[in-house]
Every structure is written in C-alpha cells, then in structure tokens.
2 protein chains.
Amino acid sequence: MLIGELAARTGSTTRALRYYEEQGLLESGRTASGYRVYGPNAETRVRNVRDLLASGFTIENVKSFVRYLDTDLPEVFAYSPACSDGYLVGAQRVAELAEKIAALTRLHDILVHRMPWLATPDDASRKEAA
Amino acid sequence: MLIGELAARTGSTTRALRYYEEQGLLESGRTASGYRVYGPNAETRVRNVRDLLASGFTIENVKSFVRYLDTDLPEVFAYSPACSDGYLVGAQRVAELAEKIAALTRLHDILVHRMPWLATPDDASRKEAA
DNA sequence: GTTGACCTTCACGTATGGGGCAATGTCTAG
DNA sequence: CTAGACATTGCCCCATACGTGAAGGTCAAC
C-alpha cells in the first residue's frame, strides 16, 4: 500500500502520514524508487493515532502509547488503566486542559467584568446559579 | 525618559516596549544618538496597553483602542459602551474566548469520558449537578 | 512519448507576545 | 582610558499539527 491509499483508507492526508512518521509514530518500507510502502497493520495504527489526537492527546502524548498502537485501542482503554504510563499521560493531559480552560475562563471573566454589557445569556445564567 | 526607565516604571521590559512600538501602539522620539525618548504620557499609554492585554484583549484588539490610550482607561470603560468600536471589539473577543473555552472543554470531556478514572472531583461535582 | 496521477524532499506559514541571543554603538563615572 | 551599564537593530525561538506550495522523480496507460 502506498501513502495515498493509506491516507484515503484512514481519512487523513499524505502530509499527516509523513508527519506521523517524522514523529516516530509510524513506520514504512520503501520501494526501489523511494516510495513509502505500508503493511496492513499501518491502517490500525494510523486510526489509533488519529483517534487519540481527536480525543485530546497531543502528538507528544501519543508517543507514550506507541507500543500499543498496533492493536485495537478500545480494547486497551476498556479495562481501567491498562498501562500505568497511559494513566499518567492521560491524567497529565486532563490537568493541562483543565488549566488552559481555567486560564481562558479567567480572561473571559475579567473581560465580562470590565465590560458587563458584553455578558452573554450563558454568562447571566451562570451568574444566577452562583 | 529612556526605554529602560519606562520599562521599570511600567513593570514591563525593553523588549516589550519595542514590540509595542513595532505594533503601532507606542511612539517615541529619538536622541541624536538614536536612543528612544518618551514623554510622560508614554507611561499611561503603556499601562493601558498592558492593562488591556491582561484583560484578555489581543495586540490586534488593542490597536482598535489606540486612539484612547493616552487617557486613563477606567474612565473610558466606566461609562457603558463609550465607543462603538470598543463594544464591537470587546464582544468579538468575548465570543472568541468563549469558543476556545468550549473547544478545549470538548476535548477535556472526550478524554474524561474515555478514561473515566481520570475525572477530577470537580468533574464529578459538575456531573452530579447535571 | 506524452499526459496525468502518483510519489519524493525541502521549507515556509499558521497565532501569540514577547524571550533571548549576537554584534555593536553610547554614555557616565572613576 | 576603560569598565560596565545602557542603548540599538535583527534574527531565531517557543508550542501545535499539520497546510500548502515548489521543484522534481516515477509509473501506468494511451
């Protein structure tokens, strides 16, 4: 399978696949003329990478899961913290996201506090609730 | 007043002040030897710029307020939408922040949903409330 | 032999607010 | 006269996951 086919089968792009390889998340053989060649496992692997990215992990995070990316991930994730590093990475990522959300929320609230006429109905209802 | 003094008086850095000038938010005269020279208004202006940035506006946003930056801003902001462009910029910025917060929250929730053992007490209480 | 679809590497652009160098010029005090 | 504190411009760096060309090689079909 060449890179175009793999991209089509996984709903990604050739650019993304080369990027994953550059990041050490994907391996490929080469034809005599230098084209990347992929085995059938590559499809599962790419799906897993994209699945994790879409779940809020970063590329760096996904590197921690690289050992498990050739089997179906739902299996891995279904049974509690399957691997301790997965747990740690997940927990750290959740904390990072929570922190970023908090920081942006702080900015948002400062802004609304200074310019109260900017409050959205959503803000108003949250204010009522508080 | 030279750049170092202005930086010290406003709690910023020389690098930041040159950046503000590059962005058109600050003006300076020059000595014969090329040093930047600032008048006393510069201090108010820089404070206002940094105040707006700290309030969640971007550099681009602050450019919209450039006409008002030589007077004390609290005055400007105290009387409802003092200037219609201020209102528009503020509203847009609030919307942008809200959107970013929503996007990050979506990621966060997906992650917690997939790895429920990662939920923080905060998540749990929010879940109860819902 | 040529068109066209496929592939390659290289490398800049995205948004944000500066940080941190380098290489060099200027001013002031001892 | 020289040290050192200050100034200048300019350029690369940060994180993020690729997008979007450029300039060119490869392969199948007609």
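Here the structure is a predicted model, which is why all the values come from computation and not from measurement. A note on names: the letters A, B, ... follow the listed sequences, proteins ahead of strands, and every chain is numbered from 1.
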For this session: Find the distance A:Leu52:CG to D:dC18:C1' and express it as a whole number of Å.
Result: 17 Å

For this session: Specify the separation, in whole Å, of atom CG of A:Leu17 and atom C1' of D:dC18.
Result: 11 Å

Exercise. Of B:Leu53 and B:Ala32, whose closest DNA chain C nucleotide lies nearer the 5' terminus?
Worked result: B:Leu53

Problem set entry | Non-hydrogen side-chain atoms of A:Met1 and A:Arg9 separated by less than 4.5 Å | yes

Exercise. Contact class for B:Thr31 (heavy atom, under 4.0 Å): base, sugar-phosphate, or nothing?
Worked result: nothing

For this session: Send over the distance from A:Glu21 CD to C:dC7 P, rounded to a whole Å.
Result: 13 Å

For this session: Give the rounded distance in Å between these two atoms: NZ of B:Lys63 and C1' of C:dA15.
Result: 13 Å

Exercise. Starting at the 5' end of DNA chain C and moving along, which residue's nearest nucleotide shows up first, B:Ser33 or B:Arg50?
Worked result: B:Arg50

Exercise. Got B:Glu99 and B:Glu96 here, is their nearest side-chain heavy-atom distance under 4.5 Å?
Worked result: no

Please produce a list of atom pairs where a protein N or O lies less than 3.5 Å from an N or O of nucleotides 2-7 of chain D.
unit_1: D:dA7; atom_1: OP1; unit_2: B:Gly4; atom_2: N; d: 2.4

Problem set entry | Joint cluster assignment, B:Ile110 & B:Leu104, ILVMFWY side-chain distance < 4.5 Å | no

Problem set entry | Nearest-Å distance once atom P is located in both D:dC12 and C:dC12 | 9 Å

Exercise. On a whole-Å scale, what distance lies between the C1' atoms belonging to C:dG13 and D:dC13?
Worked result: 16 Å

Exercise. Which heavy atom of B:Thr14 sits nearest a heavy atom of B:Gly4, and at what distance?
Worked result: CG2-CA, 4.1 Å

Problem set entry | Phosphate OP1/OP2 of C:dG18: any B:Tyr20 side-chain N/O under 4.0 Å | yes

For this session: Report the distance from atom CG of B:Leu25 to atom C1' of C:dT16, rounded to the nearest whole Å.
Result: 14 Å

Exercise. Should A:Tyr38 and A:Leu26 count as side-chain neighbours, where that means a heavy-atom distance under 4.5 Å?
Worked result: yes

Problem set entry | 4.5 Å side-chain heavy-atom contact, A:Val112 and A:His108 | yes

Exercise. Does A:Thr44 reach the side chain of A:Thr71, with side-chain heavy atoms less than 4.5 Å apart?
Worked result: no

For this session: Please state how far atom CZ in A:Phe57 lies from atom C1' in D:dT16, giving the value in whole angstrom units.
Result: 16 Å

Exercise. Do the side chain of B:Arg45 and the main chain of B:Leu25 share a donor and acceptor less than 3.5 angstrom apart?
Worked result: yes

Look for any protein N or O under 3.5 Å of an N or O in nucleotides 19-22 of chain C and output each such pair with its distance, or none.
unit_1: C:dG19; atom_1: OP2; unit_2: B:Thr13; atom_2: OG1; d: 2.9
unit_1: C:dG19; atom_1: N7; unit_2: B:Arg15; atom_2: NE; d: 3.1
unit_1: C:dG19; atom_1: O6; unit_2: B:Arg15; atom_2: NH2; d: 2.9
unit_1: C:dG20; atom_1: O6; unit_2: B:Arg15; atom_2: NE; d: 3.2

Exercise. For DNA chain D, what string of dots and brackets results from 5' to 3' when Watson-Crick and G-U pairs need both distances under 3.5 Å, crossing pairs get [ ], and pairs with another strand get |?
Worked result: ||||||||||||||..||||||||||||||

For this session: Give me the one residue out of A:Val94, A:Val62, A:Asn61, A:Thr58 that meets side-chain contact (heavy atoms from CB on, under 4.5 Å) with A:Val89.
Result: A:Asn61

Seminar exercise, completed: Between CD of B:Glu22 and C1' of C:dG17 the distance, given in whole Å, is 11 Å

Exercise. What pair of heavy atoms forms the shortest contact from A:Arg30 to A:Gly34, and how long is it?
Worked result: NH1-O, 2.9 Å

For this session: Measure the distance from OH on A:Tyr19 to P on C:dC10 and round it to the nearest whole Å.
Result: 17 Å

Problem set entry | Test item: B:Tyr68 and B:Asn48 side chains (from C-beta on) under 4.5 Å apart, heavy atoms | no

Exercise. A:Ala7 and A:Thr13: which non-hydrogen atoms are nearest, and at how many Å?
Worked result: CB-C, 3.8 Å

